[in-house]
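In this text, all values refer to a predicted model and were calculated from it rather than measured experimentally.
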Amino acid sequence: MKAICQKLDKNRIDDLLVLSKADGFPCELSEALASLYCGDRAPKAAGAQTYGAFAGDRLVSVMTATFCHVFPCDDSPSGRIVQISGAYTHPAYCHKGCALDLLTLIEEDAKVFGADYLCCDSIADGLYLRFGFKPTDDCETRMWKTL
């Protein structure tokens, strides 16, 4: 399935509220909390952005990325990184490519932001390994992908 992926903006609050009631979603969101996730971060600005995958007009998967400035170092000469978190796919749409489509869009935005790498803390390592992430250590769930 090729999902239609986009940033979630203020027009998508109701979609996120509906998805937050689905089986397995971490918690049911209030309108106030959903509105925090539905922003419109400028391409080169730091901050969090939630992305959504749609099957028709139904929001079926979400992933949040935080675009950060850190102290420049060998791993990040620009001091720009993108941390991925808050991923969820509705059970009826799991293993249909939604999360990979969201990662693709996040990676495109990370490149515009000027990030040196993407990172995440996840036990869904199969997804991230397929997308080119590498574990930072065999004992950790932290993974990264150089851009």
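- Taken to the nearest 0.5 Å, the OG1 atom of Thr89 stands 8.5 Å off from the CG atom of Leu19.
- Of the possible donor and acceptor atoms, none in the side chain of Thr66 sits under 3.5 Å from a partner among the backbone N and O of Ala48.
- Cluster annotation: Phe133 and Val82 are assigned to the same hydrophobic cluster (Ile/Leu/Val/Met/Phe/Trp/Tyr, side-chain heavy-atom contacts under 4.5 Å, transitive).
- Applying the 6.0 Å contact sphere to CG of Asp75 captures no more than 12 heavy atoms from other residues, nucleotides or ligands.
- Atom SG of Cys98 and atom CG of Leu100 lie 9.5 Å apart (nearest 0.5 Å).
- Cluster annotation: Val70 is not connected to Met143 through the hydrophobic network of ILVMFWY side chains, with a link wherever side-chain heavy atoms come within less than 4.5 Å.
- With hydrogens and angles ignored, the 3.5 Å screen pairs a side-chain donor or acceptor of Lys10 with a backbone N or O of Cys38.
- Each of Trp144 and Leu103 belongs to its own hydrophobic cluster when Ile, Leu, Val, Met, Phe, Trp and Tyr are linked at side-chain heavy-atom distances under 4.5 angstrom.
- The closest side-chain heavy-atom distance from Cys120 to Arg142 is not below 4.5 Å.
- Note that the OG atom of Ser35 and the CG atom of Leu16 stand 9.5 Å from one another [nearest 0.5 Å].
- Between Arg12 and Asp15 there is a salt bridge, since a side-chain N of the basic residue sits under 4.0 Å from a carboxylate O of the acidic one.
- One N or O on the side chain of Asp116 and one on the backbone of Ser78 form a donor-acceptor pair closer than 3.5 Å.
- Note that the CD1 atom of Ile84 and the CG atom of Leu127 stand 8.5 Å from one another [nearest 0.5 Å].
- Interatomic distance, NZ of Lys7 versus CD1 of Ile106, reported as 11.0 Å (0.5 Å rounding).
- Two residues are said to be in side-chain contact when any heavy atoms from C-beta on lie closer than 4.5 Å; Arg80 and Tyr117 fail this criterion.
- A donor-acceptor contact shorter than 3.5 Å is absent between the side chain of Ser20 and the backbone of Glu28.
- Side-chain atoms of Tyr128 and Leu118, non-hydrogen and from C-beta on, never get closer than 4.5 Å to each other.
- Tyr51 and Phe67 have tilted rings, their planes meeting at an angle from 30° to 60° on a 0 to 90° scale.
- Atoms CG and CZ, on Asp101 and Phe54 in that order, are 13.0 Å from each other to the nearest 0.5 Å.
- With contacts defined as side-chain heavy-atom distances shorter than 4.5 Å, the pair Glu31/Ile13 qualifies.
- Between the side chain of Ser76 and the backbone N or O of Cys73, no donor-acceptor pair lies under 3.5 Å.
- Grouping the Ile, Leu, Val, Met, Phe, Trp and Tyr side chains by contacts below 4.5 angstrom, directly or via other members, places Leu147 apart from Val112.
- Under 3.5 Å, the side chains of Ser85 and Thr64 contain no donor-acceptor pair of N or O atoms.
- Under a hydrophobic clustering in which Ile, Leu, Val, Met, Phe, Trp and Tyr are joined whenever their side-chain heavy atoms come within less than 4.5 Å, directly or via other members, Val18 and Leu102 fall into different clusters.
- Heavy-atom neighbours of Tyr37 OH from other residues, nucleotides or ligands within 6.0 Å: at or below the threshold of 12.
- When atom types are taken as modelled, the side chain of Glu107 and the backbone of Lys145 share no donor-acceptor pair closer than 3.5 angstrom.
- Residues Tyr88 and Asp23 approach most closely at OH-O, 2.6 Å, considering heavy atoms.
- With Arg41 contributing its side chain and Ala45 its backbone, the two residues share a donor-acceptor pair below 3.5 Å.
- Classified by interplanar angle (parallel below 30°, tilted 30° to 60°, perpendicular above 60°), the ring pair His90/Tyr93 is perpendicular.
- Shortest non-hydrogen contact noted between Ala87 and Met63 is CB-CE, 4.0 Å.
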